[in-house]
Amino acid sequence: MRTGKLNADDQAGAGNSVSYSDHLEDKGMNSNHWTAQWIWAAGTAGHSDVFVEARKAFDMDELAGRAQIRISANQSYKLYLNGDMIGRGPAPSDLAWMSYDVYEVADRLIAGKNVLAVVANNFGEEAIVTKQLQGPGGLICQLDLYGRDGGGCSSPIRSIASGADWKCRRSNRWKRASRLHLWGGFREIYDASEEDGWETAAYDDASWPWAEAVAAAEQQDSPWPRLLPREIPFLRSTLVRPAAIIAAEPYRGSLSSPEALLADARTTGEMTMDASVPGSLPQVTYDFGSEVVGYPRLEVYAEEGGVLQLFCGESLEMTLTDTFLLRQGVNRLTSYGRRAFRFMKAAAMGTPAPLQVRRLEVEFVHYPYSGEASFRCSDERLSRIWETGRYTTLVNSQSHFEDCPYREAALWVADAVVMAKVVYQISDDPALVRKSLMQGARIQNEDGSIPGTGPQRNPFMLPDFCAHWLFGVWEYYAYSGDRAFLEELWPGVLRLAEWFAAQEDESGLFARADREGWWCFIDWSEDIERKDRVTALSCFYYKFLITVAAIASELNETEREAKLRGQASCLRNSIRALLRVAGSAVYADCMTDEGVSSSVTAQTNFAAAWSGVMDDPEVSLFIEDYYLAGKLPPIRGAFFYHIVLETLFRYHYAEEAVRFIRDYWGAMLDRGATTWWETFDPSQPFPTIPSPYLGHTPTYLQDSVPVSLSHGWGASPTYLLSRELLGVNMSAAGIAGVILQPVAVRGIEWVEGVVPTVRGDVRSEWRRGEDGSLRYEAVLPNGLSWTTVGLEDVEVTEEEGCVRVTGRMQPADRLTNVSQARL
């Protein structure tokens, strides 16, 4: 084993830790001083899908040295200054922890009359599956003007703050529309003829009603008692055009030049759509190549008006999302709400004269990760799998980790934890991980449990997700070394530990997991029996106690650490004594007062192996005699495979792990996946397109969206291929340095790639020689801590700005073998 230089400043997260309290004030500004009030349009309380437009005109005799806008809304806003769009937001959050955005706008102000204008939307009070988008309508906006000295720490010389002196009306541009689905918001019917230039300073708002002040800023009796500055950068925005045409059908009308709008169009041009024949419906379906998340943007010239509709879908089973009622002349159109899709259909109707579609693109938005990671190997299929997982994680990285951007865009704990592991291997920026974990802490229940989803408080109780959240907290700390984060969450971690302790039976097992109102998830599978004392939950509880003990050690709470480790040891003994199938090395799914269940599944036993409940020889026995022998029901969901694959790699079943990656995720590629699906059973017949379940669920039997085709919880091969095959393990970079531990498997001749770190890129590769020898090389930036494991004949040379590490690899051997296990 070779180790590089290690000191506190070399940790991966050094200099990047920010405590939650640090966010309470903006840098040098009096950000916690609000004179603005929350406002809304009078007479709209209790209404659904309300769009309001608010504005405030003001004069400036001389320009400010610095001008800063702070703004938030429940649930969303678009901000304009003097007719120019400044931004949209805010980041979704719990009502008790509302996020606000900050914009520097001094260069946008002019001498004379200026106007602040905001359009905001509120979902309303209709039912929504995930219990998100709750609370009344409200927006708050404050422009602070500072003198020529730039502001510094001084108070603003003037503030333009939302209140009852603002004008505010319910918008006439959006008409009442139906719901998209029960997990999300509404379709949009937008009337472009109602555009009247209200965002500009020249507009006369004398006839507008006054705004209704609904709450003061940062008051405990307000629906929004706190205002927190944005914790992550604004999302990156890229304009994307369609890659291909699936179909172009005139349907009694006419079409020309639909290819002019493609990304690779040889010449610029426009598409003509003529729906002047009564009953005609010309339409074009475009393929963007893979899922995009963002805002469709079109420029349409309509000589006599007409209607243009957009249908979007992750598959060709698309749904109507936007209806634009066109005005005469040029229409510059965009959806207010965010869309997520691969396929888009544009359809025209009722056009007295042909439409000229001059532009059709999507403002693709996602978290602005830094660093350029890569992975390539001699097996092109694995390279594609790595890239698909990277892209799936990117698509689901928005203002928080989303489990699926189309269906619900919620912050599910387990999804976030898997995607965080991907981030550690593809970027040097873990801020989105930190924020997503922090949002779970902010909605911690009074009893200490963590809701299964967010970011808004909700009743979803998934007991295993409580453990996964804690695993994510520790993994973030191990990667980043962000001690302030750990210290801040420690009281909440202890409350969660108390909650777990309250679920114990007399033997210490996690009991009554099947109680009403709970969802004992474990995995998307009907094979697992989940009654009373569920084995996987007790295994996760054991790993939870060991992890809390590790945190206590980091925080120098030695007595608490010892107590936790003792508690964990007792629990492990109970699991091994009570939940194992008699005369075997495997565990039953659960136990009731009637005894141990007859159901034995791979998920339960991988939970026991992964958590450390099984001894090492028992793990090998389970894997070889049960799992690889095909004696257990197959795992059909991509989520749980991160536990399976981590266990296989840990116990030196790398070849089997790579085979599962090639077979399972490769089968998705074979069936057309460009982002990973929420569930997939490769044993099912080849699917019939289109269907969101790709043939595995009859979606026509329910009026909803049962499954996602872009689910980040299935991206585990990306971090594991970088961590194991490439051999650059970032999982403990913040506390122990980067671990260089490449794994060679048969059939792979070479691997190369890049893993970004805060010190610079780590470039790694290995190649198999003609004589079968395996040579490894890694180039690391100076100052980065590192350790090698399993390399022989290691040589280290220092070069300008970097360190080169070379060595000889050996094929991985089994940690144990079955004969040893049977002893």
Side-chain angles (χ1 to χ4, degrees), residues 49 51 78 121 173-181 184-193 195 239-251 253 255 258-263 270-275 280-302 305-327 330-351 354-365 405-407 409 690 692 705 709-710:
D49 194 28
F51 289 85
K78 288 175 71 172
N121 175 250
R173 291 183 288 160
W174 284 273
K175 310 303 180 185
R176 183 75 170 103
S178 59
R179 291 283 295 279
L180 277 168
H181 49 73
F186 293 79
R187 295 179 173 87
E188 292 179 31
I189 302 175
Y190 181 84
D191 188 350
S193 68
E195 295 174 353
L239 293 179
V240 177
R241 297 171 69 186
I245 296 172
I246 298 296
E249 301 289 349
Y251 288 121
L255 285 167
E259 70 282 354
L261 303 178
L262 295 177
E270 58 191 31
M271 173 177 65
T272 300
M273 307 180 77
D274 187 353
S280 60
L281 191 67
Q283 53 194 262
V284 181
T285 300
Y286 289 102
D287 180 2
F288 282 77
S290 56
E291 182 134 348
V292 290
V293 178
Y295 306 87
R297 291 171 49 166
L298 301 93
E299 182 176 313
V300 181
Y301 180 78
V307 176
L308 186 70
Q309 291 188 316
L310 297 183
F311 299 76
C312 297
E314 292 183 317
S315 72
L316 287 172
E317 189 173 6
M318 294 173 284
T319 187
L320 173 64
T321 56
D322 299 276
T323 299
F324 298 105
L325 312 180
L326 306 175
R327 65 180 182 182
V330 176
N331 294 259
R332 293 182 176 88
L333 309 169
T334 185
S335 66
Y336 181 93
R338 199 194 71 182
R339 308 290 178 238
F341 58 92
R342 174 179 171 178
F343 301 97
M344 173 191 287
K345 179 171 70 177
M349 63 178 68
T351 62
L355 304 180
Q356 298 169 8
V357 183
R358 298 171 176 174
R359 184 178 69 179
L360 186 154
E361 57 197 7
V362 176
E363 183 187 352
F364 179 25
V365 297
Y406 171 61
R407 186 179 63 208
V705 187
L709 298 187
S710 178

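Please read these numbers as outputs of a predicted model, since none were measured by experiment.
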A.B. asks: What is the distance from atom CD of Q283 to atom CG of L308, rounded to the nearest 0.5 Å?
C.D. replies: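 Result: 11.0 Å between the selected atoms.
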A.B. asks: Just so I know, are the side chains of N331 and F324 near enough to count as touching, which here means a heavy-atom distance under 4.5 Å?
C.D. replies: no
A.B. asks: Between atom CD of E249 and atom OG1 of T285, what is the distance when rounded to the nearest 0.5 Å?
C.D. replies: 8.5 Å
A.B. asks: Give a yes or no on whether the backbone of P405 and the side-chain of R338 come within a donor-acceptor separation of less than 3.5 Å.
C.D. replies: yes
A.B. asks: What distance do M349 atom CE and Q309 atom CD have between them, rounded to the nearest 0.5 Å?
C.D. replies: 3.5 Å
A.B. asks: Atom CD of Q356 and atom OH of Y301: how far apart are they, to the nearest 0.5 Å?
C.D. replies: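 Reported value, rounded in 0.5 Å steps: 7.0 Å.
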A.B. asks: What's the shortest heavy-atom distance between F343 and D287, and which atoms?
C.D. replies: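 Heavy atoms only, the tightest pair is CE2-CG, 3.5 Å.
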A.B. asks: If you take all heavy atoms of S280 and D274, which pair is closest and at what distance?
C.D. replies: OG-O, 4.3 Å
A.B. asks: Which pair of heavy atoms, one from A248 and one from P250, lies closest together, and at what distance?
C.D. replies: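 So the two residues come closest at O-CD, 4.0 Å.
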A.B. asks: For the residue pair S710 and R342, confirm or rule out a side-chain donor-acceptor distance under 3.5 Å.
C.D. replies: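 The answer is no; no qualifying pair exists.
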A.B. asks: With side chains defined as the heavy atoms from C-beta onward, is the minimum distance between S335 and T321 less than 4.5 Å?
C.D. replies: no
A.B. asks: So W174 and Y190, would you call those rings parallel, tilted or perpendicular, with 30° and 60° as cut-offs?
C.D. replies: perpendicular
A.B. asks: Counting distance only, does the side-chain N/O of Y286 pair as donor-acceptor with the main-chain N or O of P258 below 3.5 Å?
C.D. replies: yes
A.B. asks: Output all residues satisfying side chain to side chain contact (heavy atoms under 4.5 Å, CB included) with L239, sequence neighbours left out; order by chain, then residue number.
C.D. replies: R297, E361, E363
A.B. asks: Would you compute the distance between atom OH of Y406 and atom OG of S315 and round it to the nearest 0.5 angstrom?
C.D. replies: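 One gets 9.0 Å once the value is rounded to the nearest 0.5 Å.
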A.B. asks: Would you call D191 and I189 a side-chain contact if the rule is heavy atoms closer than 4.5 Å?
C.D. replies: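 No - every pair of side-chain heavy atoms lies 4.5 Å or more apart.
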A.B. asks: Do M273 and L255 have side chains that approach each other closer than 4.5 Å (heavy atoms only, starting at C-beta)?
C.D. replies: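 Of all side-chain heavy-atom pairs linking L255 with M273, at least one is under 4.5 Å.
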A.B. asks: Are any side-chain N or O atoms of R179 and backbone N or O atoms of G184, one a donor and one an acceptor, separated by less than 3.5 Å?
C.D. replies: yes
A.B. asks: Working to the nearest 0.5 Å, report the span between CZ of R359 and CZ of R241.
C.D. replies: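 Separation between the atoms: 10.0 Å.
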A.B. asks: If we only count heavy atoms from C-beta on, is the F51 to R173 side-chain gap below 4.5 Å?
C.D. replies: no
A.B. asks: Would you call R339 and E188 a salt bridge, using N to O less than 4.0 angstrom?
C.D. replies: yes
A.B. asks: Taking all atoms of both residues into account, what is the closest heavy-atom pair of A340 and E291, and its distance?
C.D. replies: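 Smallest interatomic distance, heavy atoms only, reads CB-OE2, 3.6 Å.
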A.B. asks: Give me the one residue out of L360, I245, L298, V284 that meets side-chain contact (heavy atoms from CB on, under 4.5 Å) with L261.
C.D. replies: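 Answer after filtering L360, I245, L298, V284: L360.
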A.B. asks: Is there a donor-acceptor pair under 3.5 Å between the side chain of R187 and the backbone N or O of L320?
C.D. replies: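 Here the side-chain-to-backbone pair exists.
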A.B. asks: Is the backbone of P296 close enough, under 3.5 Å, to the side chain of T334 for a donor and an acceptor to pair up by distance?
C.D. replies: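 Answer holds: yes.
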A.B. asks: Contact between L326 and L333 at the side-chain level, heavy atoms closer than 4.5 Å - yes or no?
C.D. replies: yes
A.B. asks: Can you tell if the side chain of R358 reaches within under 4.5 Å of the side chain of V330, non-hydrogen atoms only?
C.D. replies: yes
A.B. asks: Is there a side-chain contact between V362 and F341 (heavy atoms, below 4.5 Å)?
C.D. replies: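 Touching, per the 4.5 Å side-chain cut-off.
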